[in-house]
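Here's the structure, in structure tokens; my notes come after.
Residues take their numbers from the sequence shown, with the count starting at 1.
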Amino acid sequence: MKWIKGLYRMILLAVFMIGCANGAAGYDFMTGNVYYQLNDDGTTVSVTSDGVDYGWGWSSAYTDTVTIPSHVTHDGHTYAVTAIANSAFSKCLYVQQVNIPPTVKEIGDSAFYFCSRMTATTLPEGLTAINDFTFDHCYSLTGISLPQSLVTIGKNAFYAGCADSTLTIPDSVVSIGEEAFACCGTLRRIDFGIGLKTIGATAFRSCGGLSNLSLPPSLESIGDGAFMYCTGLTDIEIPAGVKHIGSGVFQACENLTGMTVDSENTTFDAREHCNAIIETATGTLVAGCAATVIPQSVTALGDGAFMECIGLTGITIPPSVTLIGDNAFNSCYYLESINLPPQLGHIGDYAFAGCEKLITLNIPDAVTTIGDYAFFDCPWLDDVTLGASLCHLGAHCFDGCWLNTVTARSIVPPLMADSTTFERYGVFSQATLRVPAQALETYRATDYWNRFPSIIALGDINGDGCADVSDVVSLINQILTGSVTDSRIADLTNDGAIDVYDVVTLINLLLNSPK
């Protein structure tokens with residue numbers, strides 16, 4: 001049996017090696033300095049690579065200037081050259097120019113991937129698609145002239161692959177794929193054709209030189225982060241036909257101060273000259289900037305609405321807002337204070353993550369859920385008050401925050417996702433936890449809450465284990481005599497002073513506590 005198994009393995013190895021040998025060529029014939037493979041119709045060919053696996057290294061299949069003929073003859077047969085195969089020139093570092101004939105109607109995925117020294121090429125009329133990654137990382141490519149026959153520009157088609165300052169998108173183009181022109185830092189202007197309907201996610205990400213941008217009236221959809229990190233943009237108008245705007249479309253556009261919407265648009269508006277884009281039907285603000293004034297009619301702040309808004313130091317959120325979406329204020333590094341509206345019910349994942357200047361936080365009583373990583377890595381956040389209706393705190397919610405005091409006003413301890421909710425990079429918070437007097441023992445017995453090193457009763461001034469009218473009397477006496485017993489319990493407003501405002505807060509606490 002062993003010899004049979006050994007023979008079987010040898011046969012498999014032989015088959016594998018034969019397959020590798022046949023596949024190694026990767027082309028059917030070579031004429032001049034160009035490799036070709038026969039297409040299925042038997043009468044046409046595609047330009048391909050030399051079939052050598054260069055691993056992480058550069059390909060030497062093509063160098064210098066390559067001129068592809070419209071027809072090629074081999075073994076007495078003449079073939080029309082109609083396509084450039086997938087990865088044909090991929091990683092050919094020393095290619096400088098490729099001349100493509102008008103017979104070529106298709107260019108495959110990654111055809112010129114990382115031809116970083118290629119300065120010029122010709123894109124023939126009749127070409128309908130530039131596929132995914134075609135000119136990805138062609139850093140030096142200039143003089144790009146897109147054919148009038150072009151319909152689609154694929155994913156990463158010119159990622160870091162356009163060194164021009166201006167780009168004209170033909171009227172024939174219907175869609176631009178995700179990351180299509182991302183990281184083309186030299187682009188200053190784009191002239192969009194009147195047929196464009198879709199701009200994909202992060203299509204123009206990090207095109208920092210863009211300052212003049214006029215979106216066409218034909219446009220219907222703008223994907224997530226389509227113009228993020230376009231730091232040169234100062235103003236933008238959303239055309240009448242746009243029906244979809246993704247999250248974080250203008251993330252980190254630090255100089256953007258003017259945002260308007262065509263008055264004929266029935267899906268979005270920029271009411272009251274607010275310098276923001278609002279979904280008309282729902283009242284959701286989907287994109288804002290440092291100059292935004294949130295109208296009183298807005299009901300929600302959408303996902304990524306102000307994400308990485310560098311110039312935002314403070315903003316007034318009207319009482320009409322009941323929801324703050326995922327990443328809404330993520331990485332607003334200079335946001336110093338935020339007053340959350342009283343009817344707010346939900347704070348999304350990463351909503352205020354990375355807001356490094358936040359010091360205090362008061363979660364309104366109407367909030368029931370706070371998402372994962374909502375206040376992650378807010379290192380200066382010192383004091384947090386959690387509202388009376390809070391039911392759930394997400395994972396890593398306050399991870400990375402240097403908390404000194406956490407005040408939980410709910411009688412029933414809110415459910416924590418796990419121990420990471422109040423961890424700081426793997427170590428549970430050392431903050432003092434203040435809870436309602438009548439819930440003190442409940443918190444001390446509840447998982448994760450009981451990990452706080454100090455849990456004290458909020459408002460139990462006289463130390464009898466409950467908060468009632470006698471504590472109001474005790475607090476007034478302590479203030480009048482200047483003999484405050486424990487400021488951590490008596491300073492209900494967390495302002496560092498024990499005064500009449502703490503008395504009022506204690507009275508309100510008792511009046512609003514469940515009977």
Side-chain angles (χ1 to χ4, degrees), residues 18-54 59-115 118-136 138 141 143-158 161 170 172-177 180:
I18 292 170
C20 288
N22 289 341
Y27 62 93
D28 292 311
F29 63 91
M30 178 183 177
T31 298
N33 63 343
V34 181
Y35 299 93
Y36 300 95
Q37 64 183 21
L38 291 169
N39 295 332
D40 291 340
D41 61 11
T43 62
T44 62
V45 293
S46 297
V47 175
T48 188
S49 69
D50 61 4
V52 176
D53 182 4
Y54 292 94
S59 170
S60 59
Y62 297 102
T63 59
D64 302 321
T65 297
V66 178
T67 298
I68 300 172
S70 60
H71 293 79
V72 63
T73 300
H74 176 70
D75 284 346
H77 297 282
T78 299
Y79 304 96
V81 181
T82 59
I84 298 176
N86 293 347
S87 305
F89 292 82
S90 178
K91 298 193 295 183
C92 289
L93 179 64
Y94 300 105
V95 163
Q96 296 180 2
Q97 182 172 333
V98 178
N99 299 316
I100 303 173
T103 52
V104 170
K105 305 301 181 187
E106 181 182 354
I107 300 177
D109 294 350
S110 305
F112 297 94
Y113 173 74
F114 237 117
C115 292
M118 185 169 69
T119 59
T121 190
T122 52
L123 297 174
E125 286 297 332
L127 190 68
T128 60
I130 297 176
N131 290 329
D132 298 347
F133 303 93
T134 298
F135 295 99
D136 189 337
C138 292
L141 190 60
I144 297 171
S145 179
L146 301 177
Q148 297 299 316
S149 55
L150 193 63
V151 177
T152 60
I153 300 174
K155 177 173 67 176
N156 290 70
F158 290 92
S172 56
V173 172
V174 173
S175 66
I176 298 175

- Please report the shortest heavy-atom distance between Met118 and Cys138, naming the atom on each side. CE-SG, 4.1 Å
- Query: Taking all non-hydrogen atoms of both residues, which atom of Asp50 and which atom of Tyr54 are closest, and how far apart?
  - Reply: OD2-OH, 2.6 Å
- Output for pair (Thr121 OG1, Phe89 CZ), nearest 0.5 Å, gives 8.0 Å
- Of all heavy-atom pairs between Pro147 and Pro170, which one has the smallest distance, and what is that distance? O-CG, 3.4 Å
- Query: Is Thr122 reaching over with its side chain to a backbone N or O of Asn99, donor-acceptor style, under 3.5 angstrom?
  - Reply: no
Taking only distance into account, with no hydrogens and no angle test, what donor-acceptor pairs under 3.5 Å do side-chain atoms of residues 70-77 form with protein atoms, sequence neighbours excluded?
from, atom 1, to, atom 2, distance (Å)
Thr73, OG1, Thr78, OG1, 3.0

- Message: Measuring from atom CG of Leu150 to atom OG1 of Thr128, what distance do you get when rounded to the nearest 0.5 angstrom?
- Response: 7.5 Å
- Message: If we ignore hydrogens and angles and just use 3.5 Å, is the side chain of Thr103 paired with the main-chain N or O of Val81 as donor and acceptor?
- Response: yes
- Note on the structure: In short, Ile153 meets Ala180 closest at the heavy-atom pair CG2-CB, 4.1 Å
- Message: When you measure from the side chain of Tyr62 to the backbone of Tyr35, do you find a donor-acceptor pair of N or O atoms at a distance under 3.5 Å?
- Response: yes
- Message: With ring-ring contact (aromatic ring centres under 6.0 Å, His included) as the criterion, how do Tyr113 and Phe133 come out once you've worked through the C-alpha distance, each side chain's angles and the decisive distance to 0.1 Å?
- Response: CA-CA 6 Å; Tyr113 173 74; Phe133 303 93; 7.1 Å; no
- Message: Show, in sequence, the C-alpha distance, side-chain angles and deciding distance for Phe112 and Val95, and conclude whether the side chain to side chain contact (heavy atoms under 4.5 Å, CB included) test is met.
- Response: CA-CA 10 Å; Phe112 297 94; Val95 163; 5.9 Å; no
- Message: Using a 3.5 Å distance criterion without hydrogens, assess whether the side chain of Ser110 forms a donor-acceptor pair with backbone atoms of Ser87.
- Response: no
- Item | Value rounded to 0.5 Å, distance of SG in Cys115 from NZ in Lys91 | 11.0 Å
- Message: Can you tell me how the ring of Phe158 sits relative to the ring of Phe135, calling it parallel under 30°, perpendicular over 60° and tilted otherwise?
- Response: parallel
- Item | Distance in Å, Thr48 OG1 paired with Asp28 CG, rounded so as to fall on 0.5 Å steps | 9.0 Å
- Task: Identify the two heavy atoms, one from Ile144 and one from Gly161, that lie closest to each other, and give their separation to 0.1 Å.
- Result: CD1-O, 3.9 Å
- Query: For the side chain of Asp132 and the backbone of Lys155, is there at least one donor-acceptor N/O pair under 3.5 Å apart?
  - Reply: yes
- Mind checking whether Ile100 and Leu127 have side chains closer than 4.5 Å, heavy atoms only? no
- Please confirm whether the backbone N or O of Asn131 pairs with a side-chain atom of Asp109, one donor and one acceptor, at under 3.5 Å? no
- Message: Keeping Ser172 on the side-chain end and Val151 on the backbone end, is there a donor-acceptor pair under 3.5 Å?
- Response: no
- Message: Among residues at least two apart in sequence or on other chains, which ones pass side-chain hydrogen bond (donor to acceptor under 3.5 Å, both in side chains) with Ser46?
- Response: Asn39
- Query: Once you round to the nearest 0.5 Å, how far does CD of Glu106 lie from CG of Asn86?
  - Reply: 8.0 Å
- Query: Looking only at atom types and distance, does a side-chain atom of Glu125 sit under 3.5 Å from a main-chain N or O of Pro102, one as donor and one as acceptor?
  - Reply: no
- Message: Could you work out, with side-chain contact (heavy atoms from CB on, under 4.5 Å) as the rule, every residue matching Ala111, not counting sequence neighbours?
- Response: Ile84, Ile107, Thr134
- Which heavy-atom pair separates Pro124 from Val104 by the least distance, and what is that distance? CG-O, 3.4 Å
